[in-house]
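Counting convention: from 1, in listed order, for ligands and their atoms alike. The chain is numbered in sequence order, starting from 1.
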Amino acid sequence: MTRITARPLTAEAFAPFGEVLAPKSATVRMINEGRCERHHALATVQRHGGEAIISIFRSQPVSLPYDCALLERHPLGSQAFMPLGPDAWLSVVAPDEGGRPGAPLAFLVPAGVGVNLRAGVWHGVLTPLDRAADFLVVDRDGEGTNLEEAHIAPVTIEA
Ligand SMILES: NC(=O)N[C@@H](O)C(=O)O
Ligand code: NI
């Protein structure tokens, strides 16, 4: 079975798949009479028709080593995950190769950091680590099929 190691999340490494959602000095706009930093437009909500919605995902965890055998993508819209709790979590993504996922990559996402997956990006379903967790999720709802799943040869993700 293929084994991969979860790697630290960086904006550069994640750029082919989406954006990192974390305070970023380059985007700061001072608002509220100077009392608040607005970290502006860290990512864009993509949607083809339908509407952008905000949900909370209350997910059971996984633990490393984790066997990932199912990836999915949302062709009609982006999907952003922002943890509401104090824990680090795992984001699994993969390039597209002729309509199927290529070799997955696993990113360790620090506590308090989120990601926005661009429309059509292959990813593993939400994977909190070791403890159940709540995530704020911004994605697209509406007409059309916005979920495509791909069963892959299991990949074991290690710390
Ligand atoms: N299916 C669903 O809403 N969740 C997945 O898209 C996921 O990425 O967790
Ligand atoms: Ni998804």
**Asked** ring-ring contact (aromatic ring centres under 6.0 Å, His included) with F17: which residues, sequence neighbours excluded?
**Response** none
**Asked** Of all residues at least two apart in sequence or in a different chain, which pass the side chain to side chain donor-acceptor pair (under 3.5 Å) check with T27?
**Response** none
Identify all pairs of nitrogen or oxygen atoms, one from ligand 1 and one from the protein, separated by less than 3.5 Å, and list them with distances.
unit_1   : atom_1 : unit_2 : atom_2 : d
ligand 1 : 6 (O)  : E72    : OE2    : 2.4
ligand 1 : 6 (O)  : H74    : NE2    : 2.9
ligand 1 : 6 (O)  : Q79    : OE1    : 3.1
ligand 1 : 6 (O)  : Q79    : NE2    : 3.2
ligand 1 : 8 (O)  : E72    : OE2    : 3.1
ligand 1 : 8 (O)  : Q79    : OE1    : 2.9
ligand 1 : 8 (O)  : H123   : NE2    : 3.1
ligand 1 : 9 (O)  : L126   : N      : 3.1

**Request:** Go through L70 and E149 one step at a time and tell me if the side chain to side chain contact (heavy atoms under 4.5 Å, CB included) criterion holds.
**Result:** CA-CA 7 Å; L70 172 63; E149 294 182 327; 3.9 Å; yes
**Asked** Yes or no on side chain to side chain contact (heavy atoms under 4.5 Å, CB included) for E19 and T44, after CA distance, side-chain angles and deciding distance?
**Response** CA-CA 9 Å; E19 296 87 6; T44 301; 5.7 Å; no
**Asked** Between F81 and T127, is a side chain to side chain contact (heavy atoms under 4.5 Å, CB included) present by the stated rule, with each step listed?
**Response** CA-CA 11 Å; F81 294 91; T127 39; over 6 Å; no
**Criterion side chain to side chain contact (heavy atoms under 4.5 Å, CB included) against D139, the qualifying member of I53, V45, L117, L76** = I53
**Request:** Report the protein N/O/S neighbours of the Ni ion (ligand 2) that fall below 2.8 Å; do not count waters.
**Result:** E72 OE2, H74 NE2, Q79 OE1, H123 NE2
**Message:** With side chain to side chain contact (heavy atoms under 4.5 Å, CB included) as the test, pick out the partner of F135 among L126, I56, L84.
**Reply:** L126
**Asked** Do the rings of H123 and H74 sit parallel, tilted or perpendicular, given the 30° and 60° boundaries?
**Response** tilted
**Request:** Please determine which of H39, H40, R35 meets the side-chain hydrogen bond (donor to acceptor under 3.5 Å, both in side chains) test together with E37.
**Result:** H39
